[in-house]
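Read the structure below first, then the notes.
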Protein chains: 2
Amino acid sequence: MKLASQAEDFPRWYQDVIAKAELAENGPVRGTMVIRPYGYSLWEAMQSEVDARIKAAGAENAYFPLFIPQSYLEKEAEHVEGFSPELAVVTHGGGKQLEEPVIVRPTSETVINASFAKWVQGHRDLPLLVNQWANVVRWEMRPRIFLRTSEFLWQEGHTAHATQQQARDYAVKILYEVYQDFMEQVLAIPVYVGLKSKFEAFPGAIGSLCCEAMMLDGKALQMATSHELGQNFSRMFNITFLDQNSQEQHVWQTSWGCSTRMVGGLIMVHGDSNGLRVPPVLAPIQVVILIVREGEGVAACAEKLRQELAELLGGNRVRIDDNTDASFGRRSTDWELKGVPLRLELGPRDVAEGVGVLVRRDLAGDKAAAKVAVPLAELPTQIVSTLAQQQQDMLSQATSWRDSRTQEAATPSEAVEIAQTGFARIPWDVIAEQGEESIAAHAVTVRCLQREDGSLPESSDEPNLVALVARSY
Amino acid sequence: MKLASQAEDFPRWYQDVIAKAELAENGPVRGTMVIRPYGYSLWEAMQSEVDARIKAAGAENAYFPLFIPQSYLEKEAEHVEGFSPELAVVTHGGGKQLEEPVIVRPTSETVINASFAKWVQGHRDLPLLVNQWANVVRWEMRPRIFLRTSEFLWQEGHTAHATQQQARDYAVKILYEVYQDFMEQVLAIPVYVGLKSKFEAFPGAIGSLCCEAMMLDGKALQMATSHELGQNFSRMFNITFLDQNSQEQHVWQTSWGCSTRMVGGLIMVHGDSNGLRVPPVLAPIQVVILIVREGEGVAACAEKLRQELAELLGGNRVRIDDNTDASFGRRSTDWELKGVPLRLELGPRDVAEGVGVLVRRDLAGDKAAAKVAVPLAELPTQIVSTLAQQQQDMLSQATSWRDSRTQEAATPSEAVEIAQTGFARIPWDVIAEQGEESIAAHAVTVRCLQREDGSLPESSDEPNLVALVARSY
């Protein structure tokens, strides 16, 4: 029942972690997934942190219909062309064939903008900042659980602004203050932020910004995107307002999203040969108190610690495992698979000696450093500081990895070579737009464009840009 | 721009409140709805309170696919018969006709039980307690916003137990500890809890429990249900476990749900001629500080109060309205429409005199009692105690209404008469099961069965039961 080797068969290791940590499984309809309770608790924790950042950025949640009239999707030419191959179509409802088939939303630009056209009248109605948590459907030919599924869960933000600059600024704000901050501070996953090339941009956008992370197998994963839509949708749906000079203007828009694919990223950045490792800030269970053997005072001691910790850590993120019918080894392995950051081992001898044995999940590769006996009275404060240290260490470790897997390339063929194991940084004008197809033949793509200092370019036409290219999910 | 009269045209008044309080609007596909940000904030508040109670009852959240193979639904005869007229069917995916059409879930018993069959092996895996927050689709011929929509949001709990008694006990626990407690303590809506007649039970259940509330137009609304499924689904999906004697047994199951229709119930129980009234415990915005006119010290005083209140009330449920470009009257009316429990009016003269004028939304019908000038220093504590009082008063008021609209009937025709304005209580053996069709001809149905003391019967065959009958949504 061991996991496949991460080094030898990464895809198989990934599937094994998902199965054995009870994160998810395939649904009965091809490409769909069942997110099991522990996997879903990770998603709920992500939702809660992302949602707080979205609200801090001023957007409000709302809900728009799952079903979109086919005619809506056809209004924006690039948009429909981009999504057509992936659509699920409802042709029958209530026992009858429908007059007009309806599409199951692959994204909600069209149906949301139909509402925006009603809601926006004057400049006082702007900016209009709306977010939706929802399921979307994109029929997948080569599904991979969490990474590419026919149905996935996500948030999609949609905004309307009075000027192009305001729309652009908001897309950038979301990229940095919601996504990058969340990825780095909560998921402990460092990301490159940049601009997509036109070839890779969202269908219907005039500019797509993104966060790209490096997985442990050397492939990149797009963790979130934030698009400038210009006036493409506002012209099609006639979203206009009277400006301060009483002139009718079309609004400028953005859309932005992140999805359950982040759970896949979490596994592929932080997983190891023992399973998942969850960073403490995200972890639904931060500490498991593992009762080694029942005995005098053990249960009471565990419960006292649980209460003290619940108070210090906030919420209910401490779990007692007193299922001593199962072997200690089996239970340790299970909690390691699930990636709970700290395990506190407590048995009758420990309680008698007044200590507990604290085991750091993130250091599992180093058994000596991972395990330390701590006096019971010091445990609560020690646990709080250890969790903070672990969060920092996991981000440092992932950043070192990402940096070690980023190398300079001078030619497209060098970039393709480097991309076999990570990111290649190459001058954008060396690739140029016509060159993207040549590297694509090697399954290597431009993940994003940055200025030399790592900042965001205004457009892909700026001089002296750097392209980050990689293989990707 | 006034609301239609609640007394003269209740359905129109209901639609007006939804439109003018900016709660929701129709979506482009018939029967679907767009839930606008303020309406969605009410749903988020409901979700948060219901979710906490579900977790306290031991269930964990998970997510199951939107799409269900047609063959799954057909496994349980009553279930497929009950839902067939309402199904939406996907026949094309990814540009091709599907080999087997897939159903958009109308409820998830079938797809969830396919997973349960894998997850349940031994008695240690039981009880298995799972909940899902999701959208479901039931094609509606006569849609009504929030009450009957082709797509709606809900939670559906699904559980598996070792014995029939344990399943039954859990269905009852959910009914009382999650639903009734939430309805009464948060929504301030009193409910009758009871057992559905066989005629009204969920397709596939062996017993359906429910919460029924009385709307201001004298119609009943089913607010939540909790079903005992017996072994109907476990036999079809072969969900078995080895009991302590190593005998293979089928599990006993429950399912239970509440939905966005509760938003409709909130409007129809607490709305008045000025719009919605939201009970304070639920209210996303509990207090609006309405700046009457700008002037010395007003903004600073408002901000100081907001901060003090945010601390006392927890969270960010206090809003400052300083949009003095709009008229005071217009803004007051808008906040009344939205039903914010307390409005604090603050202008330069108030600040100079050291008072704020506190206006209770729930007493809008009684202008004198509703308005009181309070010294600034006393405002924070006064606001906290007033909110608590309002919550209590709203529940009392709704309970008095419900009780005044509940009358005893001795014959079916008397019951039909009483049901024109509320609930009729009638001995169940007078209606008997064959009689349900006769009252149904008058659009009157058995909402639930209770014992004479209001407690839950074991089955509809118990002697001396009372039927609550009414017209309903």
Side-chain angles (χ1 to χ4, degrees), chain A residues 22 25 27-29 31-41 43-44 55 60-69 72 84-96 100-102 104 111-112 114-115 118-119 124 130 132 134-135 137-141 150-151 153 260 316 323 325, chain B residues 22 24-25 27-29 31-41 43-44 55 60-69 72 84-96 100-102 104 111-112 114-115 118-119 124 130 132 134-135 137 139-141 150-151 153 260 316 323 325:
Chain A
E22 300 185 345
E25 62 192 29
V29 171
T32 64
M33 70 175 157
V34 171
I35 309 180
R36 301 188 65 172
Y38 186 62
Y40 197 79
S41 73
W43 174 241
E44 277 185 310
K55 285 176 173 150
E60 294 181 299
N61 289 337
Y63 188 78
F64 296 84
L66 174 70
F67 292 148
I68 301 180
Y72 273 40
S84 281
E86 305 177 345
L87 298 179
V89 186
V90 176
T91 54
H92 291 72
K96 282 193 283 203
E100 183 191 354
V102 301
V104 183
V111 68
I112 289 182
S115 281
K118 289 183 249 177
W119 300 351
R124 283 186 205 288
V130 170
Q132 163 170 272
N135 54 345
V137 169
R138 300 177 188 177
W139 214 264
E140 275 295 342
M141 293 304 147
S150 291
E151 179 194 9
L153 304 182
T260 36
N316 181 21
N323 178 26
D325 286 351
Chain B
E22 300 184 346
E25 62 192 29
V29 171
T32 64
M33 70 175 158
V34 171
I35 308 180
R36 301 188 66 172
Y38 186 62
Y40 197 80
S41 74
W43 174 242
E44 277 184 311
K55 284 174 175 153
E60 294 181 298
N61 288 339
Y63 189 78
F64 297 84
L66 174 70
F67 293 146
I68 301 180
Y72 273 39
S84 281
E86 304 176 347
L87 299 178
V89 187
V90 177
T91 54
H92 290 72
K96 281 193 281 204
E100 184 191 354
V102 301
V104 183
V111 69
I112 290 181
S115 281
K118 290 183 248 174
W119 300 350
R124 282 184 207 290
V130 171
Q132 164 171 270
N135 53 346
V137 169
W139 213 263
E140 275 296 341
M141 293 305 146
S150 290
E151 180 194 8
L153 305 182
T260 36
N316 181 21
N323 178 26
D325 286 350

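All chains are named by letter (A, B, ...) in the order of the sequence lines, taking the proteins before the strands, and each is independently numbered beginning at 1. What you see is a predicted model, and the numbers here were worked out from it, not measured in a lab.
- The shortest distance between side-chain heavy atoms of Glu100(B) and Val102(B) does not fall below 4.5 Å.
- Residue with the most contacts toward chain B among Tyr63(A), Phe67(A), Phe64(A): Tyr63(A) (heavy-atom pairs, distance under 4.5 Å).
- Under the salt bridge (charged side-chain N to carboxylate O under 4.0 Å, His left out) criterion, Lys55(A) pairs with Asp51(A), Glu44(B), sequence neighbours left out.
- With chain A as the partner, the residue from Asn323(B), Leu153(B), Thr260(B) showing the most heavy-atom pairs under 4.5 Å is Leu153(B).
- Contact count versus chain B (heavy atoms, under 4.5 Å) is highest, among Met141(A), Arg138(A), Lys118(A), for Lys118(A).
- Of the two parts of Pro65(A), the backbone and the side chain both hold a non-hydrogen atom closer than 4.5 Å to a non-hydrogen atom of chain B.
- Val90(B) is not listed as a side-chain neighbour of Pro101(B), based on a closest heavy-atom distance of 4.5 Å or more.
- With a threshold of 4.5 angstrom between heavy atoms, Leu66(A) approaches chain B through its backbone and through its side chain.
- Interface residue Tyr72(A): only side-chain heavy atoms are found under 4.5 Å from chain B.
- With chain B as the partner, the residue from Thr32(A), Ile68(A), Leu87(A) showing the most heavy-atom pairs under 4.5 Å is Leu87(A).
- Under the rule for a side-chain hydrogen bond (donor to acceptor under 3.5 Å, both in side chains), Glu140(A) has no partner lying at least two apart in sequence or in another chain.
- Ranking Asn316(A), Val130(A), Asn135(A), Val104(A) against chain B, the residue ahead of the rest is Asn135(A), based on heavy-atom pairs under 4.5 Å.
- Heavy-atom pairs under 4.5 Å with chain B peak, among Gly27(A), Ser150(A), Pro37(A), at Pro37(A).
- How far OH of Tyr38(B) is from CD of Glu22(B): 11.0 Å, rounded to the nearest 0.5 Å.
- Residue Glu151(B) holds its CD atom at 8.0 Å from CD1 of Ile35(B), rounded to the nearest 0.5 Å.
- Across Pro69(B), Ser84(B), Ala114(B), the residue that shares the most heavy-atom pairs under 4.5 angstrom with chain A is Pro69(B).
- Contact count against chain A (heavy-atom pairs under 4.5 Å) is highest for Pro85(B) among Gly39(B), Ala134(B), Gly95(B), Pro85(B).
- Side-chain atoms of Glu25(B) and Trp119(A) include a donor-acceptor pair closer than 3.5 Å.
- Residues Asn61(A) and Ser41(B) form no side-chain contact, since every pair of their non-hydrogen atoms from C-beta on lies 4.5 Å or further apart.
- Among Asp325(B), Ile112(B), Val111(B), the residue with the largest count of heavy-atom pairs under 4.5 Å with chain A is Asp325(B).
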